[in-house]
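Below: one structure, written as structure tokens.
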Amino acid sequence: MTWTDTGLQPELFAHVDEHFAHFMERLSGSPSKELALAAALLSRVCREGHTCLDLADPLSALDPGSRASLEKLIPGVEAWVDSLRGLPVVGGPGDYRPLVLDGENRLYLHRIHEDELFLSNRLRELSSQVRPLDVDRLREVLTKTLKGACDEGTVRQKAAVIAALRSSLCVVTGGPGTGKTTLVLRMLALMMENDPGLVVRLAAPTGKAARRISESIDRGIAGLDAPEWVKERIPREAATIHRLVGLGKPWSRAGRRGRLLDADVVVVDEASMADLELMAALARSLKEESRLVLLGDKNQLASVQAGYVLGDICDTGVSHPYSDAFASLVHGATGGHLPGGNAPGIQDSIVELTRTYRFEEGSPIAKVASSVKEGDGVTALGILREPGGADVSWRRLPSPEGLGGLLRDEVIRGYGPFLRERDPVERLRLFDTFRILCAVREGPYGVQALNRIVERVLASEGLIDPVDQFYENRPVLITENDYTVSLFNGEVGVVARGDEGVRVCFPGPRGEARMVSTTRLPAHETAFAMTVHKSQGSEFDHVLVILPDRDIPLLTRELVYTAVTRARQSVTVWGVEKVFVQAVSRATRRVSGLRERLWA
């Protein structure tokens, strides 16, 4: 059967989707329109971040244009399921077939189904491993460790510590500046005081995130109220999850499983960036008695690869009361109240921190972020447009032709101080006080175009001289991990020319300047402007967000929320009102079975 015979429009699928559909037909031994359609759709949705194809609602994962084009080709769910179940390439859970069709009419690639099933079972096991705690002793240590009024913010911090001491799974979620890293330090100190031989490992999904938590832990240990021997035992260096568990080639069955970790506690920062395959590999590496602590913002962008793991674990968008047993324990140890009434479950391992220490209560940035998080684009836009706002502001997006002229003042004000600075360490610090963030890479409002515009503006002012690729003060963003030179995806450096030739200056682990030869750089790009995805885990004093001039599926409330919350002091958004409101109204939806397996 040819691709045309299936009735599927080639423009709706990539070549890999077409080839995968034909491959499944060949393995099956006979042509089948139902199989070709299912396989092509499954290949496409997996590329777009979903983990499975819901045969009962197969078009929900696609953009509106694709839905309209495919609607007439979709058979009824019962007929479709019946036609697939008898095929040799389709099995049920536990069968070793290329495709897995579960009892909820979800179609998976075998390896993804295996990962999802294992991860959900392991997380449920960890959350059900509960240790008895002495309430009086708990009250004493929490009062000493977490001082402050018994308000909701403090109660939630103490509840997170209780969850970590009580269960083998602890998930701490919260927006930027809610103190997740500070809190995990206190957790680890209490765990080690209870068990001096505890082995702790720190990890993050990316090299940049691993370096950031290493720096945060190193800074925080000095002010930690704990015995010196405890401070000395808390690890200061984090690794990427890939490196921690020894992942090999992703297509290798053994390589995907990694190794068994010699760790009693594993802490993962920026967990929202971890995809399903990565988290499943980590879960497989844990010893039976290990504890897992996940830190992250459930409202941030989902991982680039398949899955929405932290969002599914937290059941983002739904509020779950705690069990009476956990709520009673928190009340007894803190005097505070958390909503109870549920049966014991995974919700007792999850605590959301709500108090932010980065912004003042009721600050414009916090208000915009809150409105975006709630999907209220009209209110968020209203706050941005309030006259005289120094913290937040809105500007109608100019035409591509007028973009350079209107950007001129912003660019010179934002990047001028770092370009005039001669000290390498101070230059890096000043560069991180301002950033232009884009939703897309290509097009007139994408990263590539914006970097060219910024270079022209700065060159016209004599602040840079882009005579070649590695001109003085060119900011460089690393786009792949390279363990041989310890440079990781997301790290940013600045080109420096000196007596030793052309080097790129990166921040070292202790805040010093680290010089790397340009000949040793892994894949990289210019970083005056960067995508919102690449900015995750970073923060800047001032942020300029430039959105496209038209609505696209990539624009979601998670993207806008992530962009806005990169700012410490002020954020300006350039966009089209209608496009902004549509983006905030659109929540990321990734089809998977993980949420249902954890919360059913």
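Heavy atoms only: backbone and side chains are in, while hydrogens, waters and symmetry mates are out. The chain is numbered in sequence order, starting from 1.
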Determine all donor-acceptor pairs shorter than 3.5 Å in which one atom belongs to a side chain in residues 344-354; sequence neighbours excluded.
| from | atom 1 | to | atom 2 | distance (Å) |
| --- | --- | --- | --- | --- |
| Gln347 | NE2 | Ala343 | O | 2.7 |
| Asp348 | OD1 | Ser323 | N | 3.0 |
| Asp348 | OD1 | Ser323 | OG | 3.4 |
| Asp348 | OD2 | Ser323 | OG | 2.7 |
| Ser349 | OG | Ser167 | OG | 3.3 |
| Ser349 | OG | Leu169 | O | 3.1 |
| Glu352 | OE1 | Lys298 | NZ | 3.3 |

Under 3.5 Å, which donor-acceptor pairs do the side chains of residues 547-554 form with other protein atoms, sequence neighbours left out?
| from | atom 1 | to | atom 2 | distance (Å) |
| --- | --- | --- | --- | --- |
| Asp551 | OD1 | Arg586 | NH1 | 3.2 |
| Asp551 | OD1 | Arg586 | NH2 | 3.1 |
| Asp551 | OD2 | Arg586 | NH2 | 2.5 |

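Counted within 6.0 Å of CD on Glu34, heavy atoms from surrounding residues, nucleotides or ligands total more than 12; the atom is thus considered enclosed.
Note on residues 166-176: no pairs pass salt bridge (charged side-chain N to carboxylate O under 4.0 Å, His left out), not counting sequence neighbours. Pairs of residues two or more places apart, or lying in two chains, that qualify as salt bridge (charged side-chain N to carboxylate O under 4.0 Å, His left out) and include a residue from residues 35-50 are Asp17-Arg47, Arg44-Glu48, Arg44-Asp63.
Just one of Leu183, Val200, Leu198 meets the side-chain contact (heavy atoms from CB on, under 4.5 Å) condition when paired with Leu188; it is Val200.
For His50, there are no ring-ring contact (aromatic ring centres under 6.0 Å, His included) partners two or more places apart in sequence or in a different chain. The salt bridge (charged side-chain N to carboxylate O under 4.0 Å, His left out) test applied to Glu116 returns Arg597, not counting sequence neighbours. Residues forming a side chain to side chain donor-acceptor pair (under 3.5 Å) with Glu374 (at least two apart in sequence, or on another chain): Ser370. In terms of the ring-ring contact (aromatic ring centres under 6.0 Å, His included) criterion, residue partners of Phe488 (sequence neighbours excluded) are, by chain and number, Tyr483. By the ring-ring contact (aromatic ring centres under 6.0 Å, His included) test, Tyr322 is found to be paired with Phe326, residues two or more places apart in sequence or in another chain being considered. By the side chain to side chain donor-acceptor pair (under 3.5 Å) test, Asp482 is found to be paired with Thr484, residues two or more places apart in sequence or in another chain being considered. Every residue two or more places apart in sequence or in another chain that forms a ring-ring contact (aromatic ring centres under 6.0 Å, His included) with His524 is listed here: Phe470. For Glu104, the side chain to side chain contact (heavy atoms under 4.5 Å, CB included) partners at least two apart in sequence or on another chain are Asp102, Arg106, Glu596.
Judged purely by atom type and a 3.5 angstrom limit, Asp275 uses its side chain to pair as donor or acceptor with the backbone of Leu278. Although no hydrogens or angles enter the test, the distance criterion places no donor-acceptor pair under 3.5 Å between the side chain of Ser214 and the main chain of Glu237. In this structure a side-chain-to-backbone donor-acceptor pair under 3.5 Å is missing from Arg236 to Ile217. Remark: side-chain polar atoms of Lys180 are paired, donor with acceptor, to backbone N or O of Gly174 under 3.5 angstrom. Under the 3.5 Å distance criterion, the side-chain polar atoms of Asp297 are matched with a main-chain donor or acceptor of Asn299. A donor-acceptor pair is defined here as one N or O able to donate and one able to accept, closer than 3.5 Å; no such pair exists between the side chain of Glu270 and the backbone of Leu295. Ser216 places no side-chain N or O within 3.5 Å of a backbone atom of Ile213 that could act as its donor or acceptor partner. No donor-acceptor pair closer than 3.5 Å links the side chain of Asp312 to the backbone N or O of Val309.
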Q: Tell me, with the steps shown, if Arg441 and Glu525 meet salt bridge (charged side-chain N to carboxylate O under 4.0 Å, His left out).
A: CA-CA 12 Å; Arg441 289 189 54 79; Glu525 58 190 37; 3.2 Å; yes
Q: Check step by step if side chain to side chain donor-acceptor pair (under 3.5 Å) holds for Arg566 and Ser538.
A: CA-CA 6 Å; Arg566 296 312 90 202; Ser538 300; over 6 Å; no
Q: Go through Glu125 and Arg122 one step at a time and tell me if the salt bridge (charged side-chain N to carboxylate O under 4.0 Å, His left out) criterion holds.
A: CA-CA 5 Å; Glu125 287 172 6; Arg122 190 71 178 104; 3.4 Å; yes
Q) Should Arg595 and Asp315 be marked as a salt bridge (charged side-chain N to carboxylate O under 4.0 Å, His left out) after you check the CA-CA gap, both sets of side-chain angles, and the distance that decides it? A) CA-CA 6 Å; Arg595 185 181 300 236; Asp315 202 11; 2.9 Å; yes
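For the 3.5 Å distance criterion, the side chains of Gln300 and Gln536 qualify, holding a donor opposite an acceptor. One side chain, Ser168 or Gln129, offers a donor N or O that lies under 3.5 Å from an acceptor on the other. In this model, a donor atom of one side chain and an acceptor atom of the other lie less than 3.5 Å apart for Arg589 and Ser60.
Relative orientation of the His320 and Trp599 rings is parallel, given thresholds of 30° and 60° on the angle between their planes.
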